[in-house]
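These notes concern the structure reproduced below.
Side chains are part of it too, since the values below use all heavy atoms of this structure and drop only hydrogens, waters and symmetry mates. Sequence lines set the chain letters: A, B, ... in the order given, protein chains first and strands last, and positions in each chain run from 1.
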There are 2 protein chains.
Amino acid sequence: MERTIGLLGGGQLGQMLCEAANPLGIKVVILDAEKSPAKQVNAKNDHIDGSFVDAEKIRELARQVDILTVEIEHVDTVVLEEIAEYGVEVARPDGKKVVKRVEVQPSWKTIRTIQDKFLQKDHLTKNGVQTAVSKAVQSTAEDLQAFGKEMGYPFMLKARKDAYDGRGNYPVKSASDIPGALKALKDRGLYAEKWANFKMELAVMVVKTEDSTSTDGSATVAYPAVETIHEDSICKLVYAPARGVSTKVQREAQELARKAVGSLWGKGVFGVELFLMPDGELMLNEIAPRPHNSGHYTIEACPTFSQYKSQLLSILGLMPSFPDSRIPSMFPATIMLNILGGASKSAHNEIMKHAIAMPRAALHMYGKESKPARKIGHITVVADSMYSGEALMQPLISMTDAMRAERKGLSKPSPVSQPSSPAGRPLVAVTMGSDSDLNVLKPGLALLETLKIPYKVTITSAHRTPMRMHEFATNAVSEGFKVIIAAAGGAAHLPGMIASATPLPVIGVPVKGSTLDGMDSLLSIVQMPRGVPVATVAINNSINAALLAARILGTSDPIIQAQLVKYAKDMEVEVVGKAERLEEVGFKEY
Amino acid sequence: MERTIGLLGGGQLGQMLCEAANPLGIKVVILDAEKSPAKQVNAKNDHIDGSFVDAEKIRELARQVDILTVEIEHVDTVVLEEIAEYGVEVARPDGKKVVKRVEVQPSWKTIRTIQDKFLQKDHLTKNGVQTAVSKAVQSTAEDLQAFGKEMGYPFMLKARKDAYDGRGNYPVKSASDIPGALKALKDRGLYAEKWANFKMELAVMVVKTEDSTSTDGSATVAYPAVETIHEDSICKLVYAPARGVSTKVQREAQELARKAVGSLWGKGVFGVELFLMPDGELMLNEIAPRPHNSGHYTIEACPTFSQYKSQLLSILGLMPSFPDSRIPSMFPATIMLNILGGASKSAHNEIMKHAIAMPRAALHMYGKESKPARKIGHITVVADSMYSGEALMQPLISMTDAMRAERKGLSKPSPVSQPSSPAGRPLVAVTMGSDSDLNVLKPGLALLETLKIPYKVTITSAHRTPMRMHEFATNAVSEGFKVIIAAAGGAAHLPGMIASATPLPVIGVPVKGSTLDGMDSLLSIVQMPRGVPVATVAINNSINAALLAARILGTSDPIIQAQLVKYAKDMEVEVVGKAERLEEVGFKEY
């Protein structure tokens, strides 16, 4: 590629950006301290040693490149504005000085707006993006008391600038916390924010592909909405996709994040943090104008289009379009765990050794000196289901928990047992025409639990709730279901009607009624017209419906398929055992 | 990781090795020319500038590291033997010289054996690995004529050493070619090889995890068998997995490759090239004791365990075990295309621009100066099926074909049209109790073709060929089938019996016989006991069986699911059209 990128900051984000840029033939020149992580993986160019907040060094970088970008938002936007608006002076070979044009991406306006978190919130609110209610406040007890009175306690007192990983935030639980809060955040511009009692923290990486702003998120593309878990105010885990979140909320989160990013200036990748509230509403928390910790998982989950590649291509103006403006993950489940420095410099050796030898894990060490609680690496696990991903990740989480306990002088955490109930989004929807069918379904539901297959059970009557049934069937794919089990009796129309409104495989369980021995149900379910199949099992045999659902899921999930092989083996052992006993004791005693 | 690796050679293989080593915290020190590709992505260490065939430079490298390895087999094995057996002299801080032990992986014995292709073949033959018949020959017309007389024409005359990418090979089509062959390969040790009229070239990456040798491939792990396409004697394309190759041959190729690598000394990753002969037999062609072009695809296809990671972990003794000694690809289909330098230095710009913006493609440029036909990069495409992968790759192949034509001064190749029929392995097995059931199945088979779902059709009678049926069912998973459709009539035991011997979903089609209107078949199929489900469809309704199979495949293949949505839509349009006509012309005219 012809154009060279200048990068302010050479930490791990810059490092992973260079790891993406190298094979693409994209040149990146870095401004940061000598031997910073990004420079360690990029010996193609002459980098600049110095601080990314030093205006003269930034100008020196600009002279060598065509586009400036950042891996951190705490930079000097005055000099970025100067460079973007007026260019930078360079000496020609003949000694004459000329002005060279250099792009700044994303725009200095975006970086300046985002740097000041209160300005950021104000900008978003004006652009119709819902955020937590906040207000600029003076560093006085009166101002804070007034806020507390109006918005209630607890609330958050936050520094407007230079805040990250929880530094610069102070929770004010009651009026008596105010003096402590003012002391902790003295000499800084402040704002107060109404407490957001969220159910889950989500994050969406968004790529902005055009310089112009929009009010509807056009010219933006979103990665999946992920779930972030924080500990000690630092990101600990990322679950992609967010666990137990409906496809509707998934899409709404992506749309809100795209709308927010669309309102900003310039191109690039943005990390958007959101709160999912208990009522299902979404609220934007904050935006980072750069690759983000919550997007590390894309290196493996989108092996041909990570957040780093998106950053490079968007600022170069080379970003392709994606169907539906979404960059999909290529795996059903991906989990990322941060490695923070432990009590000693070698405290992370054990987790490195464990992770490096896991077939499904990718270890990323940043080449940084280990300091307590410093982000020094991360591990990404890819899996066929969130359930198996969680099982793979659990030992690693336990190791980081032990490192944290040692670091903080806490007693060792007790080893966490494997999750005992299925996590993640339900894969099988089980429905019935009437609650009187539930008894027939119970053995099948119990078997799904034994096989650890997440399911959702409901009632949708073809004749009594036709609209509800139709909605259920048409939304089944987008809800993330893979198979539907439907039980019904008599003129049993439910399985066939559902099959007519979804491309998913539908398994029908004929329920035996008070007359005709279930033959009415069986024939109503099995004798579907050409074009709309129902996979019919024996009358009242919900066990077989559950097993069939497992066999279907097993076609793309080897773990489930292995469980089925084991199930058949166990069944064989049981029958052989009975045969042996019968042969031993004879039929009279048996 | 504590131990440092010294790498002889810093080309693209070394570069990708470093790209894998950096995030794992593994130190690699490189011996090669200044600014070689590997050094461009590794600024963590002080590398050595010089030639990897220079004995003193190799000793200098050995002094700095704990393990020596290679990215190329054309190295000085005498010095490697010396270092491995006697160590290398290093000066202590007090000036005293001591001997330091350094491992060489894989063993110098392996590198020496492989370097000389005739020695390599001889070694493999002695270890029971089938290769093409070959014989060491003198550089005389008499010797070659004798070989031609004995083995027939054409045959291959090959240089024993320093041969790669076709250089050092000369096809001898008849006795009259002999003088030319001797001239082309003068002053080199030679051997002649019987012509292998293979059907397909396969390659398997194998990881050797123990120092000791074996005769059965134990302590080795294999990646999938891939198909390689060569042009001008240089690898052009790699299809993973190999197209249209049965699971049986897949496994045999992996086993043969593992057996061959198991017979060699030391640890590391090996590229094994094989010939698949027209009769289905496999023959080993040659082995490379290092990462290999045919394994580049693993960077994306195994995003947590590429061939480069395997090389690092195996030589460090950290390789984990894998179920069944296989490292699976995480995608149904991956295709790799090499980029060779074109007629001009910028001839590859167009393909780079195209590939960089493809959502499903990963571009790897090596940072090498472009020269005609030099390997300067590659592109990997990942896809949900080989069919869609081929469609994605086709425009890129056309671009490389045009580059080749320009480079060779040929007329531009005509654009190749998209493949029109589904490629790849059958996903649906369709079977029946008797050929009299075929008429009932035909509409379903036709629909599978319309939906472009690859299937295989056969006959397996539960009562007349019970063993054959059982074998079919037990092998179905390993054959790569995802769904089975079984049709039967009367006492229709076939679907249930198959279901009892496989964890795959089995769809039963009751065939209507001459009595009882098919009710006998229906009840025999649907009323399975608990534990063994059969997805039963309506009597004689193979259309619904095919659609159900498609719905099942659609749970993990979004392309198939989208086709089903379209199918339902078309069906609706058809019925609505009929309704309109009925309303228009009235029931009497209709």
May I ask you to name which of [options] has the most heavy-atom pairs under 4.5 Å with chain A?
| options | value |
| --- | --- |
| Gly554(B), Ala362(B), Ala361(B) | Ala361(B) |
| Ala355(B), Ala499(B), Gly377(B), Cys302(B) | Ala499(B) |
| Glu300(B), Gln563(B), Glu572(B) | Glu300(B) |
| Lys35(B), His364(B), Gln15(B), Gln527(B) | Gln527(B) |
| Leu564(B), Leu504(B), Ile299(B) | Leu504(B) |

Is [X] in contact with chain B via its backbone, its side chain, both, or neither, using a 4.5 Å heavy-atom distance?
| X | result |
| --- | --- |
| Leu313(A) | side chain |
| Met571(A) | side chain |
| Asn540(A) | backbone |
| Leu522(A) | side chain |
| Val534(A) | backbone |

Does any backbone or side-chain atom of [X] lie under 4.5 Å from a heavy atom of chain A? Answer side chain, backbone, both or neither.
| X | result |
| --- | --- |
| Ile327(B) | neither |
| Tyr567(B) | side chain |
| Ala568(B) | neither |
| Met319(B) | neither |
| Leu523(B) | side chain |
| Glu19(B) | side chain |
| Ser542(B) | neither |
| Val532(B) | both |
| Lys309(B) | side chain |

Heavy-atom check, side chain of [X] versus side chain of [Y], under 4.5 Å:
| X | Y | answer |
| --- | --- | --- |
| Met365(B) | Pro23(A) | no |
| Val382(B) | Met330(A) | yes |
| Val477(B) | Gln561(A) | yes |
| Arg551(B) | Pro533(A) | yes |

Does any N or O in the side chain of [X] come within less than 3.5 Å of the main-chain N or O of [Y], such that one atom is a donor and the other an acceptor?
| X | Y | answer |
| --- | --- | --- |
| Asn544(B) | Pro529(A) | yes |
| Thr304(A) | Pro359(B) | yes |
| Thr536(A) | Thr536(B) | yes |

Arg360(B): salt bridge (charged side-chain N to carboxylate O under 4.0 Å, His left out) partners, not counting sequence neighbours: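 Listed in chain order: Asp384(B).
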Pairing residues for Lys39(A) by the salt bridge (charged side-chain N to carboxylate O under 4.0 Å, His left out) criterion, not counting sequence neighbours: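 By the salt bridge (charged side-chain N to carboxylate O under 4.0 Å, His left out) rule, Lys39(A) matches Asp49(A).
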Residue pair Thr555(A), Ile552(B): steps toward the side chain to side chain contact (heavy atoms under 4.5 Å, CB included) verdict: CA-CA 8 Å; Thr555(A) 60; Ile552(B) 289 170; 4.2 Å; yes
Does atom NZ (Lys512(B)) have a neighbourhood of more than 12 heavy atoms from anything else shown, all under 6.0 Å?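 No, because the 6.0 Å sphere around NZ of Lys512(B) holds 12 heavy atoms or fewer from other groups.
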